[in-house]
Amino acid sequence: MKQEIRVRFAPSPTGPLHIGGVRTALYNYLFARKNGGKMILRIEDTDQTRFVPGAEEYIIESLKWCGIQFDEGIEQGGPHTPYRQSERKELYRRYADDLIAKTYAYFAFDTPEELDALRKEAESKKSTFVYNAESRRKLRNSLTLSAEETTRLIQSGTPYVIRIRIPEEGQIVVSDLIRGTVTVDCVQLDDKVLFKADGLPTYHLANVVDDYLMGITHVIRGEEWLPSAPLHVLLYRCLGIEDHMPQFAHLPLLLKPDGNGKLSKRDGDRLGFPVFPLRWTDPQSGEQSSGYRESGYFPDAFINMLAFLGWNPGTEQEIFSMEELIQAFSLDRVGKSGSKFDPEKARWFNHQYLIQRSDDDITGLWMPVLKEYNIDASGSYTKDVVKLIRERVSFIHELWEQGWFFFKAPEEYDAEVIRKRWTDGIGTQLEDLAEKILVLEPFNRESLESCIKDSIASGGLNNGQVMNLLRLCMVGSSKGPDLISMMTLLGREEATARIRRAVQKISRQT
RNA sequence: GGUCCGUUCGUCUAGCUGGUUAGGACGCCAGGUUUUCAUCCUGGAAAUCAGGGGUUCGAAUCCCCUACGGACUGCCA
């Protein structure tokens with residue numbers, strides 16, 4: 001029987017989840033669903049100093065909004081409860097002790113201050129301090145101290161950490177589903193801390209132990225983890241669980257739209273687009289960061305856009321529902337190089353999703369927005385408006401800009417249009433036309449159209465001039481949907497009132 | 001500095017096992033539709049495949065070097 005595929009998304013609750021993280025979660029999710037596997041949410045909160053209140057809730061809410069679902073995790077439970085590392089605290093020590101017993105790890109008593117000093121000193125000599133096979137010989141640890149001294153220090157309560165003892169020679173080979181084989185010499189690795197003085201494991205230990213315990217088969221994570229992947233491979237080996245080592249897939253990074261570097265929180269504020277799925281308020285500073293949800297993006301559009309940043313189906317199809325993404329997804333179609341995030345394309349995706357929606361959907365979404373503008377219109381009227389302007393926008397909130405004049409008469413009239421089209425005597429002719437429209441029977445598209453045409457013909461007027469001025473009367477500028485449709489929808493009273501009103505106002509100005 | 005990863009139109013990318021006029025999308029430009037604006041449709045410009053060496057009849061595709069970019073280099077994840 002084939003082994004069940006199990007993947008995990010393992011964020012740290014140190015702040016809001018950024019879109020790079022959402023994409024990592026998405027790829028994990030797609031991979032799991034595509035292969036009939038399980039998706040697990042594990043919270044990696046082993047650093048109590050960086051804990052941010054609300055971050056965990058934010059992460060969960062974000063993923064829900066995106067439609068990324070978990071089979072196991074802090075909310076839905078599962079066979080490996082608990083799913084929060086802080087609650088699994090007792091589990092890790094055993095593995096660290098096991099490593100010590102096998103001499104793959106050792107106790108180190110160096111204080112943070114001492115190490116800091118060493119780093120500073122090295123820096124001043126333009127080199128980097130590395131805790132490795134060479135330097136550990138000169139530092140205070142269970143490798144240099146006698147067994148008695150080590151025991152004495154530990155028993156007297158001296159703070160210590162447990163570090164891995166990297167082999168002095170040999171190579172470590174990481175095989176990566178996206179990058180192929182990555183080989184690193186052990187000499188290049190350093191004796192990373194596995195277990196901290198506060199009694200909690202570091203990422204490296206906790207991650208490997210939990211992935212093992214939770215039966216994770218594929219580790220799909222960001223490229224920033226590639227440099228420590230050899231350490232993780234070594235850990236599986238030292239722990240004697242190499243047979244359970246998952247397959248690795250390191251995803252390329254999301255880059256800034258301009259210039260170079262990893263996309264960061266700052267970029268969004270600077271370039272005017274969200275970097276986070278949901279709006280986030282920093283509990284400490286109160287600083288706000290915008291979110292895709294609040295900016296009017298549809299979750300499926302956002303997900304579609306994100307999926308295409310680093311992956312493509314190899315066909316020309318670009319619009320994919322979550323279901324379609326699941327069907328089409330495969331890790332070997334994930335690229336190797338980082339991608340710059342493009343806000344313009346994100347906008348285009350949203351447009352595609354908006355025009356796919358039904359008139360009723362769009363109307364339903366717009367009604368509450370109209371209320372905020374103090375517009376109290378009926379659903380059926382609003383829907384008629386939606387039909388006329390839906391193609392023109394990418395976001396629900398843009399409907400107002402494209403159709404406010406269906407709900408109130410313009411207050412101002414574009415001076416440029418007046419200058420170009422307004423002539424002496426045109427006012428009275430427009431008023432005559434208004435008169436005819438008011439008594440038009442029946443009042444509909446066809447009759448209105450022929451009424452205007454007749455009036456133009458009999459008055460010897462310029463076609464373009466009248467049409468554009470009528471538009472000016474209705475909208476206040478040379479914008480908007482088809483004039484006849486617009487006037488029909490506004491109704492004869494409103495349409496004629498707007499003509500009279502405009503003629504009055506403009507005549508006074510000119 | 002060191003280690004590792006990467007490099008095809010401005011951007012996202014196709015091009016999997018060497019032979020294509022290097023394809024698509026966003027954006028941009030032009031024309032058409034709309035007597036308006038937007039949408040939409042059609043067309044166009046846009047990558048000497050980072051550069052240089054090889055291998056080969058033939059390389060964006062394989063190898064090497066260089067350059068550039070990025071990540072990592074914490075008792076952070």
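In what follows, chains are A, B, ... by sequence order, proteins preceding strands, each numbered from 1.
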Checklist entry - In whole Å, what is the span from the CZ atom of A:Arg333 to the P atom of B:G24? => result 17 Å

Next on the checklist: Quick check on RNA chain B: between A:Trp311 and A:Leu483, whose nearest nucleotide comes earlier from the 5' end?
Outcome noted: A:Trp311

Checklist entry - Looking at B:G2, does its base get a donor-acceptor pair with the side chain of A:Thr128 below 3.5 Å? => result no

Checklist entry - On a whole-Å scale, what distance lies between the P atoms belonging to B:G53 and B:A71? => result 32 Å

Checklist entry - When all nucleic acid strands are considered with a 4.0 Å heavy-atom cut-off, which category describes A:Asp185: base, sugar-phosphate, or nothing? => result nothing

Checklist entry - Which listed nucleotide (B:C37, B:G6, B:A77) is nearest to the side chain of A:Lys336? => result B:G6

Next on the checklist: Can you tell me how the ring of A:Phe276 sits relative to the ring of A:Tyr58, calling it parallel under 30°, perpendicular over 60° and tilted otherwise?
Outcome noted: perpendicular

Item to check | From B:U13, B:C26, B:A77, nucleotide with atom closest to A:Asn312 side chain | outcome: B:U13

Next on the checklist: With a 3.5 Å cut-off and heavy atoms only, can you find an N or O donor on one side and an acceptor on the other between the side chain of A:Arg50 and the base of B:C76?
Outcome noted: yes

Checklist entry - For A:Ser321, which residues count as a side-chain hydrogen bond (donor to acceptor under 3.5 Å, both in side chains) partner, sequence neighbours excluded? => result A:Glu324

Checklist entry - Among B:U13, B:U39, B:U3, which is the nearest nucleotide to the side chain of A:His351? => result B:U39

Item to check | A:Glu123 CD: over 12 foreign heavy atoms closer than 6.0 Å | outcome: no

Item to check | Whole-Å distance separating the NZ atom of A:Lys345 from the P atom of B:G24 | outcome: 13 Å

Item to check | Selection from B:C26, B:C75, B:U13 that lies nearest to any side-chain heavy atom of A:Ser339 | outcome: B:U13

Checklist entry - B:G19 and B:G15: how far apart are their P atoms, nearest whole angstrom? => result 13 Å

Checklist entry - In whole angstrom, what separates A:Trp348's CH2 from B:C40's P? => result 10 Å

Next on the checklist: Measuring only the P atom in each nucleotide, how far is B:A25 from B:C64? A whole number of Å is fine.
Outcome noted: 36 Å

Checklist entry - Hey, do the aromatic rings of A:Trp225 and A:Tyr203 have their centres closer than 6.0 Å? => result yes

Next on the checklist: Taking the C1' atom in each of B:C9 and B:U48, what is the distance between them to the nearest angstrom?
Outcome noted: 13 Å

Next on the checklist: On the nucleotide B:G74, are OP1 or OP2 found under 4.0 Å from the side-chain N or O atoms that A:Arg119 carries?
Outcome noted: yes

